[in-house]
Amino acid sequence: MLQLQTIRENKDNIILALGKRNIDAQTLLDNVLQLDEKRRTTQTQLDNVLAESNSLSKEIGALYKTGKAKEANILKEKTVHLKDESKQLGEDLNIVEEELQALLYQIPNAPHTSVRKGSSEEDNEEIFKEGDIPTLNTGAQPHWELAKKYDIIDFELGVKIAGAGFPVYKGKGARLQRALIAYFLDKNTEAGYTEIQVPHLVNELSGYGTGQLPDKEGQMYHVTADDLYLIPTAEVPVTNIFRDVIVNESDFPITYTGYTPCFRREAGSYGAHVRGLNRLHQFDKVEIVRVEHPTKSYEALDGMVEHVKNILRELKLPYRILRLCGGDLGFTAALTFDFEVFSTAQDRWLEISSVSNFETYQANRLKLRYKDENGKNQLAHTLNGSSLALPRVLAGILENYQTPEGIRIPDVLVPYCGFDMIV
């Protein structure tokens with residue numbers, strides 16, 4: 001979340017920045033500052049009462065030692081009233097702090113200066129495009145038809161077992177899926193990321209730490225009996241490793257990669273654009289997460305973008321990069337670049353990666369700090385990216401690599417698959 005000090009010192013700039021998200025934050029920020037003033041006033045009153053109480057306690061002790069019990073007992077009566085007053089002030093302070101926290105949770109991150117205003121994905125800015133769109137033979141099919149033709153993904157069986165959006169991968173489809181996971185992890189570890197395996201469920205504190213709660217509560221699967229949430233992305237458990245942690249400045253950069261299944265309810269997702277692998281409730285993804293020094297985070301973001309570019313170049317998939325506008329920017333992100341591959345059979349772009357810098361937004365929730373050169377605690381910057389999300393990468397491979405003889409496997413994946421064609 002945004003820091004209170006930042007809101008105090010830069011309210012007008014934050015209002016302008018949040019305007020890029022089409023949010024009029026004036027009233028909300030005014031309410032935050034009013035509650036903050038009330039919190040600080042109440043805290044000062046409580047501190048004064050406690051200080052007076054402590055002073056009287058010392059005075060009472062001194063009076064008893066000198067045999068002045070009558071005077072001491074008179075002061076003791078006053079401490080009873082101070083105790084009641086401090087209790088009430090403590091309760092008032094807790095209420096104000098809870099109200100202030102709830103308001104702060106409602107405020108999304110302030111967009112980076114390079115983010116332009118916009119209302120939807122239609123206003124996103126294409127900043128890069130690479131790769132040749134293949135010319136397919138007459139009768140080329142979308143991936144859901146290819147999956148059925150070659151018996152590599154069974155969507156109906158998934159409906160039987162769980163419901164729509166839970167596909168079953170079979171035979172060479174399952175092996176290709178496994179190959180992609182291994183390939184992505186190898187590329188990430190070769191780039192210096194440490195591979196890590198994390199839980200696939202998280203507690204409520206973890207959801208709040210990375211900003212999925214309370215913003216995306218309706219999109220997450222909640223295991224109510226245990227009050228745990230199925231993860232929507234590995235970003236959540238990996239980043240929460242650093243909740244309530246103070247790292248050394250010399251530890252930067254901290255880089256992790258991990259494979260996990262991801263679970264998203266995707267409420268309200270219907271229509272032709274969600275067919276097949278285009279939108280799922282369960283899917284596989286390999287993630288990269290970085291904890292960076294604030295002065296290095298945007299250089300790191302550029303490096304993450306280049307890293308994903310190199311993977312797509314090796315897969316030889318046509319892709320483009322979009323800088324998201326304010327209206328399409330995620331709640332916690334300051335700047336996000338989306339990667340999309342072109343699906344020739346569907347004649348549309350498919351999002352396959354988001355690479356984001358959250359600046360101090362998540363770190364403030366997580367209390368993720370580092371000690372600077374003066375030994376003072378400062379908030380770190382966090383970043384994450386898909387490297388990559390599998391369903392639409394797989395869809396792009398099946399559709400763009402289809403031939404009359406079968407589906408070719410990208411050269412870089414052949415050693416992982418053990419075959420070069422799906423027939």
Side-chain angles (χ1 to χ4, degrees), residues 177-202 206-207 209-213 216 219-221 229-243 253-264 266 277 279-292 297 300-312 315 319 321 324 330-341 350-358 361-363 365-366 368 380-394:
Q177 183 88 339
R178 178 159 51 93
L180 282 165
I181 293 168
Y183 166 65
F184 292 152
L185 286 171
D186 283 353
K187 290 295 294 182
N188 296 344
T189 55
E190 287 168 9
Y193 291 87
T194 299
E195 184 177 350
I196 188 168
Q197 291 188 1
V198 289
H200 299 163
L201 293 98
V202 294
S206 294
T210 44
Q212 278 66 34
L213 296 176
K216 292 182 174 62
Q219 294 293 312
M220 296 173 72
Y221 285 99
Y229 293 85
L230 276 69
I231 60 170
T233 166
E235 169 203 342
V236 182
V238 174
T239 311
N240 268 278
I241 290 170
F242 301 99
R243 176 156 40 92
I254 300 170
T255 58
Y256 281 134
T257 184
Y259 152 71
T260 65
C262 304
F263 304 88
R264 300 183 187 178
E266 299 288 6
L277 299 172
R279 178 128 337 150
L280 300 174
H281 293 305
Q282 178 182 331
F283 61 95
D284 292 319
K285 184 153 67 83
V286 175
E287 197 82 354
I288 50 178
V289 171
R290 300 181 72 100
V291 179
E292 290 280 353
S297 69
L301 182 67
D302 290 341
M304 294 167 74
V305 169
E306 289 301 317
H307 177 66
V308 176
K309 277 185 183 179
N310 289 332
I311 292 175
L312 291 170
L315 290 173
Y319 71 95
I321 303 175
L324 298 193
F331 190 86
T332 55
L335 176 61
T336 296
F337 296 104
D338 269 8
F339 283 75
E340 297 180 338
V341 296
L350 305 174
E351 180 195 334
I352 48 99
S353 175
S354 288
V355 181
S356 302
N357 189 345
F358 306 104
Y361 192 89
Q362 289 182 332
R365 289 180 174 221
L366 295 161
L368 164 54
H381 279 198
T382 60
L383 305 92
N384 89 278
S386 313
S387 181
L388 291 160
L390 272 74
R392 293 172 184 173
V393 172
L394 185 59

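Looking at K187 and S387, their side chains never bring a donor and an acceptor atom within 3.5 Å of each other.
Not counting sequence neighbours, R365 has no partner by the salt bridge (charged side-chain N to carboxylate O under 4.0 Å, His left out) test. Remark: E235 pairs with no residue by the salt bridge (charged side-chain N to carboxylate O under 4.0 Å, His left out) rule, at least two apart or across chains. In this structure E190 satisfies the salt bridge (charged side-chain N to carboxylate O under 4.0 Å, His left out) test with no other residue, sequence neighbours excluded.
Under the 3.5 Å distance criterion, the side-chain polar atoms of R392 are matched with a main-chain donor or acceptor of E351. Within the 3.5 Å criterion, the main-chain N or O of G192 finds a donor-acceptor partner in the side chain of T255. T189 places a side-chain N or O within donor-acceptor distance of the main-chain N or O of D186, the cut-off being under 3.5 Å. In this structure a side-chain-to-backbone donor-acceptor pair under 3.5 Å is missing from N357 to L301. Without hydrogens or angle criteria, E292 side chain to H381 main chain gives no donor-acceptor distance under 3.5 Å.
Taking the six-membered ring where tryptophan is involved, the planes of H281 and Y221 are perpendicular, since the angle between them exceeds 60° and thus also 30°.
Between I311 and Y183, the shortest heavy-atom distance links the atoms O-OH, 3.6 Å. What you find for G211 and T332 is that their closest heavy atoms are CA-CG2, 3.6 Å. For S353 against S386, the heavy-atom pair with the smallest separation is OG-O, 2.7 Å. Residues P237 and I231 approach most closely at CD-CG2, 3.8 Å, considering heavy atoms.
Here the rule is side-chain contact (heavy atoms from CB on, under 4.5 Å) with L390, and of L277, I352, L180, L280 only L180 fits it.
The closest side-chain heavy-atom distance from V305 to K309 is below 4.5 Å. Two residues are said to be in side-chain contact when any heavy atoms from C-beta on lie closer than 4.5 Å; L366 and F242 fail this criterion. Annotation: side chain of V393 is in contact with side chain of F184 (closest heavy-atom distance under 4.5 Å).
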